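Just so you know, these numbers come straight off a predicted model, no measurement behind them.
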Amino acid sequence: MRTEDHTFDVIIVGGGMVGLTLAAALGQTSLRVAVVERSEPDPDAGTGDWDQRVSAITVASRRILDNVGAWEGIAARRVSPFREMDVRDASGPGHIHFDAADLGEPLLGYIVENGVIRTALHDVVAELPNVRLYEPATIRRMGWDSDHMYLRLEDDRLLAGGLLVGADGGRSWVRDQAGITTRGWDYGQQAVVATVRTAEPHRETAWQRFLPDGPLAFLPLADGRCSIVWSTTPEHAEALTAMGDEAFRSELGEAFDHILGPVEEAGPRASFPLRLLHANAYVRPRLALVGDAAHTIHPLAGQGVNLGLADAATLAETLLEAVAERRGIGSIPVLRRYERRRKADNVAMMGAMDGFKRLFGSELAPLRWARNLGLNLTHTVLPVKNGLMRHAMGLTGELPELARRDPER
């Protein structure tokens, strides 16, 4: 690709985990791809303190990352597998425990720092001959005609592409410029995140305790510590981030019912707001949305990034099918294929997570009784429990080829 050539088949706005996965999935094809990103990744990701933002990567998502060439780089930095999952209701005896061994699988998933995933993907994309990275780059404006989408950068370079992909997060500039509306609501919650060490080992188990104000998750890290995600009211979140270390460790341990003993260490804390958002359309002529630009969900099951990676893999598969069929990759009939394939799964997952959030957040006595009974019954009915496990691992539904093909087999 000539350095002065700024014409592409696909322009991806957003070089985070989802945008880079799409670029990597389109790598080494006939398509010319550009990625426009405001910031560069941290080359030292995974070598210092743990990133406060981590993701629970499913088996299906690991396959996607492996098939695009990024998993080796992720594993070489820092990966924390988990083999069991333990879910409890703080308002009663409800309890369900999942074990990968019950499915004959080695593990349920992986806890990986967001920065590690992004850096490993960036390393892959930077070596692809058909992909050009514009970073750091700021977009001044967006435009289009019957044949191309255009981006004018702040340095006055003009990029033209047959398809523009918005992978620029929940507050997507691309989505707003395209006039795509959204529906959703704020949950009135903040997620407090930190890295902690407990007196007892986490046993490679992802723990979750549902409290009246929101779920509290302890996610296992490779060095024995845990990454916590505590969803609570904004007022409580502000108090948690402001209080002293000892007071925080005490309150955290009590909220977790000391399942892993006292909390002995706690790193810096941060918080971010939680909301549900869904774009009313994923596509326009010559434009598509992926990841949080199309949908954001409550983090209680850690499925947000997995939905985004499935979006990227599905869109790449759809585009390459269109190329093989000699169809325009920016045409609405082609892009509608992607939208149909992903929207149903995303809506189902968003509805399930919203339902869980509301069910476990209710203090009505009949609902408390029903959910505790439901957890205990599900724990004892193995076919149902195993089905839930396979779904949580991303092994059910209409999967893109990159999520079905296991490079290790």
Report task. Mind running side chain to side chain contact (heavy atoms under 4.5 Å, CB included) on Leu128 and Val33 for me, showing each step along the way? Result -> CA-CA 10 Å; Leu128 294 172; Val33 180; over 6 Å; no
Query raised in the report: Please walk me through it: do Ile139 and Leu153 pass side chain to side chain contact (heavy atoms under 4.5 Å, CB included)?
Result: CA-CA 4 Å; Ile139 302 170; Leu153 304 184; 4.0 Å; yes
Query raised in the report: Passes side chain to side chain contact (heavy atoms under 4.5 Å, CB included), Cys226 versus Val196? Steps please.
Result: CA-CA 5 Å; Cys226 291; Val196 305; 4.2 Å; yes
Report task. Please test Gln208 against Met85 for side chain to side chain contact (heavy atoms under 4.5 Å, CB included), starting from the C-alpha separation and ending with a verdict. Result -> CA-CA 8 Å; Gln208 191 161 50; Met85 184 181 300; over 6 Å; no
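Salt bridge Glu37/Arg118: present, at least one basic N to carboxylate O contact under 4.0 Å. With salt bridges taken as basic N to acidic carboxylate O contacts below 4.0 Å, none links Arg249 and Glu246.
A perpendicular orientation is assigned to the rings of Phe8 and Tyr134, their planes being inclined by more than 60° (bins at 30° and 60°).
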Could you pull out every donor-acceptor pair under 3.5 Å between side chains of residues 321-331 and any protein atom, sequence neighbours left out?
| residue | atom | partner | partner atom | Å |
| --- | --- | --- | --- | --- |
| Glu325 | OE1 | Arg337 | NH1 | 3.3 |
| Glu325 | OE1 | Arg337 | NH2 | 2.8 |
| Ser331 | OG | Gly328 | O | 2.9 |

Counting only pairs under 3.5 Å, give me each side-chain donor-acceptor contact of residues 19-30, with atom names and distances, residues two or more places apart or in other chains.
| residue | atom | partner | partner atom | Å |
| --- | --- | --- | --- | --- |
| Thr21 | OG1 | Met17 | O | 2.7 |
| Thr29 | OG1 | Leu26 | O | 2.8 |
| Thr29 | OG1 | Leu31 | N | 3.2 |

Show the atom names and distances, to 0.1 Å, of all donor-acceptor pairs under 3.5 Å that link a side chain in residues 285-294 to residues at least two apart or in another chain.
| residue | atom | partner | partner atom | Å |
| --- | --- | --- | --- | --- |
| Arg286 | NE | Ser146 | O | 3.3 |
| Arg286 | NE | Asp147 | O | 3.2 |
| Arg286 | NH1 | Asp147 | O | 3.3 |
| Arg286 | NH1 | Gly162 | O | 2.9 |
| Arg286 | NH2 | Ser146 | O | 3.4 |
| Arg286 | NH2 | Asp147 | O | 3.3 |

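Under the side chain to side chain contact (heavy atoms under 4.5 Å, CB included) criterion, His148 pairs with Asp145, Tyr150, Ala160, sequence neighbours left out. Ala120 pairs by the side chain to side chain contact (heavy atoms under 4.5 Å, CB included) definition with Ile74, Arg77, not counting sequence neighbours. In terms of the ring-ring contact (aromatic ring centres under 6.0 Å, His included) criterion, His202 has no residue partners (sequence neighbours excluded). Partners of Thr181 according to the side-chain hydrogen bond (donor to acceptor under 3.5 Å, both in side chains) rule, which considers only residues two or more places apart in sequence or in another chain, are Asn280. Listed by chain and residue number, Glu154 satisfy the side chain to side chain contact (heavy atoms under 4.5 Å, CB included) test with Thr138 (two or more places apart in sequence, or in another chain). The ring-ring contact (aromatic ring centres under 6.0 Å, His included) test applied to Phe218 returns Phe256, not counting sequence neighbours.
Going from atom CZ of Arg275 over to atom CG of Asp186 covers 5.0 Å, rounded to the nearest 0.5 Å. A distance of 10.0 Å separates CG in Leu158 from CZ in Arg140, rounded to the nearest 0.5 Å. Atom NZ in Lys343 sits 10.5 Å away from atom NE2 in His295 (nearest 0.5 Å). If you take CZ on Phe248 and OG1 on Thr241, they are separated by 9.0 Å, rounding to the nearest 0.5 Å. Atom CD1 in Ile111 sits 4.5 Å away from atom CG in Leu219 (nearest 0.5 Å). Separation of atoms CG (Asp311) and CZ (Arg342) is listed at 4.5 Å; rounding is to 0.5 Å.
Within the structure, every pair that satisfies the side chain to side chain donor-acceptor pair (under 3.5 Å) test and touches residues 42-52, not counting sequence neighbours, is listed here: Trp50-Asp223. Sorted by first and then second residue, the salt bridge (charged side-chain N to carboxylate O under 4.0 Å, His left out) pairs involving residues 264-274 (not counting sequence neighbours) are Arg197-Glu265. Within the structure, no pair that satisfies the salt bridge (charged side-chain N to carboxylate O under 4.0 Å, His left out) test touches residues 169-178, not counting sequence neighbours.
For the pair Trp230 and Glu251, the minimum side-chain heavy-atom distance is below 4.5 Å. Side-chain atoms of Ser172 and Ile180, non-hydrogen and from C-beta on, never get closer than 4.5 Å to each other. At least one side-chain heavy atom of Ile117 sits under 4.5 Å from a side-chain heavy atom of Ile57. Side-chain contact check for Val193 versus Ser227: every heavy-atom pair is 4.5 Å or farther apart. Looking at Arg62 and Asp406, their side chains come closer than 4.5 Å, going by heavy atoms from C-beta outward. Contact check for Val124 versus Val68: no side-chain heavy atoms found under the 4.5 Å cut-off. Within the 4.5 Å cutoff, the side chain of Phe98 has no heavy atoms near those of the Leu103 side chain. Annotation: side chain of Leu151 is in contact with side chain of Met142 (closest heavy-atom distance under 4.5 Å).
At least one donor-acceptor pair under 3.5 Å links the side chain of Arg209 to the backbone N or O of Ala255. Panel note: side chain Asn306, backbone Ser61; no donor-acceptor pair is recorded below 3.5 Å. Remark: the backbone N or O of Val116 is not paired with any side-chain donor or acceptor of Thr119 at under 3.5 angstrom. A donor-acceptor distance shorter than 3.5 angstrom exists from the side chain of Glu317 to the backbone of Glu401, with no hydrogens or angles considered. Formation of a donor-acceptor pair under 3.5 Å by the Arg83 side chain with backbone atoms of Arg203 is not found in this model. A donor-acceptor distance shorter than 3.5 angstrom exists from the side chain of Asn67 to the backbone of Arg63, with no hydrogens or angles considered. Judged by distance alone, with hydrogens and angles left aside, the side-chain atoms of Ser80 form a donor-acceptor pair with the main-chain N or O of Ala222 at under 3.5 Å. Between the side chain of Asp86 and the main chain of Trp207, no donor-acceptor pair closer than 3.5 Å is present.
Of all heavy-atom pairs spanning Asp245 and Ala266, the tightest one is OD1-O, 3.3 Å. What you find for Ile64 and Ala313 is that their closest heavy atoms are CD1-CB, 3.9 Å. Here the closest heavy-atom approach between residue Ala45 and residue Gly115 is recorded as CB-O, 3.5 Å. Closest approach of Val174 and Asp168 over heavy atoms only: N-OD2, 3.0 Å. For the pair Ser231 and Leu274, the tightest heavy-atom approach, listed with the atom from each and the gap, is OG-CD1, 3.5 Å. The minimum heavy-atom distance linking Pro268 with Ala194 is given by the pair O-CB, 3.6 Å.
With a 6.0 Å radius and a threshold of 12 heavy atoms from other residues, nucleotides or ligands, Arg38 has its CZ atom at or below the threshold. The number of heavy-atom neighbours closer than 6.0 Å to CD of Glu72, taken from other residues, nucleotides and ligands shown, is 12 or below.
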